[in-house]
Amino acid sequence: MVVKSPDRVGLLQRLVLQVARLGDKADRAAETLEVQYNVVRNRTGSNSGVSSHVMQYGNLDLTNSTLSVYIGVNGHQQAYTSIDHQFRTQSSTMQAVDQRDILILYLKQKLHEAPQGSENWVRAQEELAKEIARRNHEDHSVKAIGEILFGSMDAAKVLNSVRPAGQPLVDDWDCLKALVDIYSQHCGSLSSYGIKHMRAFANMCNAGVRMDQMAQASAKTCT
(Lines give C-alpha, C1' and ligand atoms only; values in the text may rest on other atoms or scores of the structure.)
Protein backbone atom coordinates (compact mmCIF):
# COMPACT_ATOMS: atom_id res chain seq x y z
CA MET A 1 0.00 0.00 0.00
CA VAL A 2 1.31 3.44 -0.90
CA VAL A 3 1.11 5.96 1.92
CA LYS A 4 0.67 9.54 0.76
CA SER A 5 1.36 12.38 3.16
CA PRO A 6 -0.82 15.53 2.97
CA ASP A 7 2.22 17.51 1.79
CA ARG A 8 2.86 15.03 -1.03
CA VAL A 9 -0.78 15.08 -2.09
CA GLY A 10 -0.80 18.86 -2.10
CA LEU A 11 2.35 18.92 -4.20
CA LEU A 12 0.88 16.47 -6.69
CA GLN A 13 -2.27 18.54 -6.97
CA ARG A 14 -0.17 21.56 -7.90
CA LEU A 15 1.81 19.51 -10.38
CA VAL A 16 -1.19 18.12 -12.23
CA LEU A 17 -2.71 21.60 -12.39
CA GLN A 18 0.49 22.85 -13.97
CA VAL A 19 0.53 20.01 -16.50
CA ALA A 20 -3.11 20.64 -17.35
CA ARG A 21 -2.37 24.31 -17.91
CA LEU A 22 0.89 24.01 -19.82
CA GLY A 23 -0.18 20.96 -21.78
CA ASP A 24 -3.12 22.76 -23.35
CA LYS A 25 -2.56 23.44 -27.05
CA ALA A 26 -4.35 26.76 -27.09
CA ASP A 27 -3.58 29.62 -29.44
CA ARG A 28 -1.92 31.81 -26.85
CA ALA A 29 -2.16 34.85 -29.10
CA ALA A 30 -5.96 34.55 -29.13
CA GLU A 31 -7.03 32.72 -25.97
CA THR A 32 -7.63 34.85 -22.88
CA LEU A 33 -6.82 34.13 -19.24
CA GLU A 34 -10.55 33.72 -18.59
CA VAL A 35 -10.89 30.99 -21.22
CA GLN A 36 -7.77 29.22 -19.95
CA TYR A 37 -9.04 29.42 -16.36
CA ASN A 38 -12.26 27.67 -17.36
CA VAL A 39 -10.36 25.04 -19.35
CA VAL A 40 -8.11 24.17 -16.40
CA ARG A 41 -10.99 24.30 -13.91
CA ASN A 42 -13.07 21.91 -15.97
CA ARG A 43 -10.20 19.52 -16.72
CA THR A 44 -9.04 19.24 -13.14
CA GLY A 45 -12.53 19.01 -11.70
CA SER A 46 -14.15 16.46 -13.98
CA ASN A 47 -13.10 13.36 -12.04
CA SER A 48 -16.09 11.61 -10.43
CA GLY A 49 -18.02 14.85 -10.19
CA VAL A 50 -15.56 16.41 -7.76
CA SER A 51 -15.40 20.19 -8.09
CA SER A 52 -12.02 21.74 -8.78
CA HIS A 53 -10.45 24.05 -6.22
CA VAL A 54 -9.02 26.26 -8.99
CA MET A 55 -9.93 29.84 -8.11
CA GLN A 56 -9.43 33.35 -9.45
CA TYR A 57 -7.98 36.11 -7.28
CA GLY A 58 -6.82 39.67 -7.66
CA ASN A 59 -7.74 42.06 -10.46
CA LEU A 60 -10.18 40.09 -12.61
CA ASP A 61 -10.01 42.75 -15.33
CA LEU A 62 -6.77 41.02 -16.37
CA THR A 63 -8.75 37.96 -17.45
CA ASN A 64 -9.39 39.67 -20.77
CA SER A 65 -5.66 39.60 -21.53
CA THR A 66 -4.36 36.95 -23.91
CA LEU A 67 -2.00 34.21 -22.71
CA SER A 68 0.79 35.44 -24.99
CA VAL A 69 1.14 38.59 -22.89
CA TYR A 70 2.48 36.47 -20.01
CA ILE A 71 3.88 33.20 -21.40
CA GLY A 72 4.65 33.93 -25.04
CA VAL A 73 3.16 32.32 -28.11
CA ASN A 74 2.97 28.64 -29.00
CA GLY A 75 6.01 26.71 -30.18
CA HIS A 76 4.53 26.34 -33.67
CA GLN A 77 4.03 30.10 -33.87
CA GLN A 78 7.50 31.11 -32.78
CA ALA A 79 10.71 29.15 -33.15
CA TYR A 80 12.53 29.11 -29.83
CA THR A 81 16.26 28.66 -29.87
CA SER A 82 18.41 26.42 -27.71
CA ILE A 83 19.22 27.18 -24.08
CA ASP A 84 22.81 28.00 -24.98
CA HIS A 85 21.75 30.44 -27.67
CA GLN A 86 19.23 32.06 -25.32
CA PHE A 87 21.99 32.47 -22.76
CA ARG A 88 24.41 34.05 -25.27
CA THR A 89 21.86 36.48 -26.67
CA GLN A 90 19.81 37.34 -23.59
CA SER A 91 21.59 40.68 -23.12
CA SER A 92 20.42 41.94 -26.50
CA THR A 93 17.21 40.02 -27.19
CA MET A 94 14.11 39.40 -25.09
CA GLN A 95 12.79 35.87 -25.61
CA ALA A 96 10.20 33.69 -23.98
CA VAL A 97 11.88 30.96 -21.93
CA ASP A 98 10.31 27.67 -20.87
CA GLN A 99 9.90 27.90 -17.09
CA ARG A 100 11.63 24.52 -16.73
CA ASP A 101 14.80 26.06 -18.18
CA ILE A 102 14.97 29.02 -15.82
CA LEU A 103 17.23 27.23 -13.33
CA ILE A 104 19.63 26.14 -16.09
CA LEU A 105 19.81 29.69 -17.43
CA TYR A 106 20.41 31.02 -13.92
CA LEU A 107 23.25 28.55 -13.32
CA LYS A 108 24.80 29.38 -16.70
CA GLN A 109 24.61 33.07 -15.87
CA LYS A 110 26.17 32.41 -12.47
CA LEU A 111 29.02 30.49 -14.11
CA HIS A 112 29.48 33.17 -16.74
CA GLU A 113 29.76 35.98 -14.20
CA ALA A 114 32.20 34.21 -11.86
CA PRO A 115 35.94 34.79 -12.49
CA GLN A 116 37.27 31.68 -14.23
CA GLY A 117 39.11 29.40 -11.82
CA SER A 118 37.69 31.12 -8.73
CA GLU A 119 35.88 29.34 -5.91
CA ASN A 120 32.56 30.72 -7.14
CA TRP A 121 33.31 29.51 -10.67
CA VAL A 122 34.09 25.99 -9.44
CA ARG A 123 30.95 25.94 -7.31
CA ALA A 124 28.82 27.18 -10.22
CA GLN A 125 30.27 24.46 -12.45
CA GLU A 126 29.41 21.81 -9.90
CA GLU A 127 25.87 23.12 -9.46
CA LEU A 128 25.31 23.21 -13.21
CA ALA A 129 26.70 19.71 -13.69
CA LYS A 130 24.51 18.42 -10.85
CA GLU A 131 21.38 19.95 -12.35
CA ILE A 132 22.14 18.56 -15.81
CA ALA A 133 22.80 15.11 -14.30
CA ARG A 134 19.50 15.23 -12.42
CA ARG A 135 17.61 16.11 -15.58
CA ASN A 136 19.31 13.32 -17.50
CA HIS A 137 18.46 10.90 -14.69
CA GLU A 138 14.78 11.85 -14.72
CA ASP A 139 14.50 11.70 -18.51
CA HIS A 140 16.29 8.36 -18.68
CA SER A 141 14.35 6.85 -15.76
CA VAL A 142 10.90 7.67 -17.11
CA LYS A 143 11.89 6.53 -20.62
CA ALA A 144 13.31 3.25 -19.27
CA ILE A 145 10.27 2.58 -17.10
CA GLY A 146 8.03 3.19 -20.09
CA GLU A 147 10.01 0.74 -22.21
CA ILE A 148 9.75 -1.93 -19.52
CA LEU A 149 6.00 -1.44 -19.25
CA PHE A 150 5.09 -1.01 -22.92
CA GLY A 151 8.08 -2.22 -24.89
CA SER A 152 10.68 -0.13 -26.70
CA MET A 153 8.55 0.16 -29.84
CA ASP A 154 5.41 1.54 -28.18
CA ALA A 155 6.71 3.34 -25.08
CA ALA A 156 7.21 6.78 -26.62
CA LYS A 157 3.78 6.72 -28.27
CA VAL A 158 2.02 5.80 -25.03
CA LEU A 159 3.97 8.15 -22.74
CA ASN A 160 3.65 11.18 -25.04
CA SER A 161 0.00 10.66 -25.97
CA VAL A 162 -2.18 13.77 -25.66
CA ARG A 163 -5.89 13.35 -25.08
CA PRO A 164 -8.49 15.25 -27.09
CA ALA A 165 -9.55 18.64 -25.77
CA GLY A 166 -12.13 18.39 -23.02
CA GLN A 167 -10.90 15.11 -21.58
CA PRO A 168 -9.16 15.08 -18.18
CA LEU A 169 -5.46 14.41 -17.98
CA VAL A 170 -6.09 11.11 -16.20
CA ASP A 171 -9.11 8.93 -15.43
CA ASP A 172 -7.95 7.88 -11.96
CA TRP A 173 -6.26 10.61 -9.95
CA ASP A 174 -5.46 8.25 -7.09
CA CYS A 175 -3.57 6.07 -9.57
CA LEU A 176 -1.54 9.05 -10.75
CA LYS A 177 -0.60 10.02 -7.20
CA ALA A 178 0.31 6.42 -6.39
CA LEU A 179 2.52 5.91 -9.47
CA VAL A 180 4.40 9.15 -8.85
CA ASP A 181 4.89 8.17 -5.22
CA ILE A 182 6.25 4.75 -6.25
CA TYR A 183 8.59 6.39 -8.76
CA SER A 184 9.83 8.78 -6.06
CA GLN A 185 10.54 5.93 -3.66
CA HIS A 186 12.82 4.20 -6.16
CA CYS A 187 14.16 7.00 -8.37
CA GLY A 188 13.94 10.13 -6.24
CA SER A 189 11.42 12.95 -6.07
CA LEU A 190 10.63 14.81 -9.26
CA SER A 191 12.35 18.16 -9.61
CA SER A 192 10.68 21.25 -11.06
CA TYR A 193 12.07 20.06 -14.40
CA GLY A 194 10.87 16.50 -13.88
CA ILE A 195 7.22 17.47 -13.51
CA LYS A 196 7.09 17.60 -17.29
CA HIS A 197 6.80 13.80 -17.06
CA MET A 198 3.48 14.00 -15.19
CA ARG A 199 1.68 13.38 -18.47
CA ALA A 200 3.69 10.19 -18.93
CA PHE A 201 2.61 8.94 -15.49
CA ALA A 202 -0.98 9.88 -16.27
CA ASN A 203 -0.81 7.92 -19.52
CA MET A 204 0.52 4.92 -17.61
CA CYS A 205 -2.62 5.03 -15.47
CA ASN A 206 -4.85 5.48 -18.50
CA ALA A 207 -3.18 2.43 -20.07
CA GLY A 208 -4.01 0.32 -17.01
CA VAL A 209 -0.58 0.06 -15.36
CA ARG A 210 -0.90 -1.42 -11.87
CA MET A 211 1.05 -0.30 -8.82
CA ASP A 212 2.95 -3.59 -8.60
CA GLN A 213 4.00 -3.27 -12.24
CA MET A 214 5.20 0.29 -11.63
CA ALA A 215 7.12 -0.81 -8.54
CA GLN A 216 8.89 -3.59 -10.44
CA ALA A 217 9.75 -1.33 -13.39
CA SER A 218 10.98 1.48 -11.11
CA ALA A 219 13.09 -0.87 -9.02
CA LYS A 220 14.65 -2.40 -12.12
CA THR A 221 15.42 1.04 -13.54
CA CYS A 222 16.72 2.87 -10.50
CA THR A 223 18.21 0.27 -8.15
CG/N203 to CG/L149 distance, rounded to the nearest 0.5 angstrom?
12.0 Å
H186 side chain near T221 side chain, heavy-atom distance below 4.5 Å:
no
Using side chain to side chain contact (heavy atoms under 4.5 Å, CB included), reason through L103 and Y193 one step at a time and then give a plain yes or no.
CA-CA 9 Å; L103 179 56; Y193 168 82; over 6 Å; no
To the nearest 0.5 Å, what is the distance between CD on E113 and OG on S118?
11.5 Å
Whether N120 side chain and P115 backbone form a donor-acceptor pair below 3.5 Å:
no
Quick one: are H137 and C222 in side-chain contact, heavy atoms under 4.5 Å?
yes
If only side-chain N and O atoms count, and only distance matters, is there a donor-acceptor pair under 3.5 Å linking Q216 with D212?
no
Is any side-chain heavy atom of L107 closer than 4.5 Å to a side-chain heavy atom of K130?
no
Can W173 be reached from L179 by stepping across I, L, V, M, F, W or Y side chains whose heavy atoms are under 4.5 Å apart?
yes
Is any side-chain heavy atom of R135 less than 4.5 Å from a side-chain heavy atom of E131?
yes
If every non-hydrogen atom of S189 is compared with every non-hydrogen atom of S184, which pair is closest and at what distance?
CA-OG, 3.8 Å
Under 3.5 Å, side chain of E138 to main-chain N/O of S191, donor-acceptor pair present?
yes
Look up atom CE in M214 and atom CD1 in I148, then write down how far apart they are to the nearest 0.5 Å.
10.0 Å
Got I182 and Q213 here, is their nearest side-chain heavy-atom distance under 4.5 Å?
no
Quick check: is L111 connected to Y106 through a chain of hydrophobic side chains (ILVMFWY, heavy atoms under 4.5 Å apart)?
yes
Rounded to the nearest 0.5 Å, what separation is found between the CD atom of E119 and the CZ atom of R123?
4.5 Å
Using modelled atom types only, decide if a donor and an acceptor are shared between the side chain of S161 and the backbone of K157 within a distance under 3.5 Å.
no
Between V209 and F201, is any pair of side-chain heavy atoms under 4.5 Å apart?
no
V170 side chain near M198 side chain, heavy-atom distance below 4.5 Å
no
For the side chain of D181 and the backbone of K177, is there at least one donor-acceptor N/O pair under 3.5 Å apart?
no
What pair of heavy atoms forms the shortest contact from I145 to S218, and how long is it?
CD1-OG, 3.6 Å
Pairs flagged by salt bridge (charged side-chain N to carboxylate O under 4.0 Å, His left out) wherever residues 144-154 is involved - sequence neighbours left out
K143-E147
Distance-only, no hydrogens or angles: does the R163 side chain make a donor-acceptor pair with backbone N or O of P168 under 3.5 Å?
yes
Quick one: pull up CG in L190 and NE2 in H197 and give me the separation to the nearest 0.5 Å.
7.5 Å
Apply side chain to side chain contact (heavy atoms under 4.5 Å, CB included) to M204 and C175, showing your working.
CA-CA 9 Å; M204 291 178 193; C175 171; over 6 Å; no
Should I132 and I104 count as side-chain neighbours, where that means a heavy-atom distance under 4.5 Å?
yes
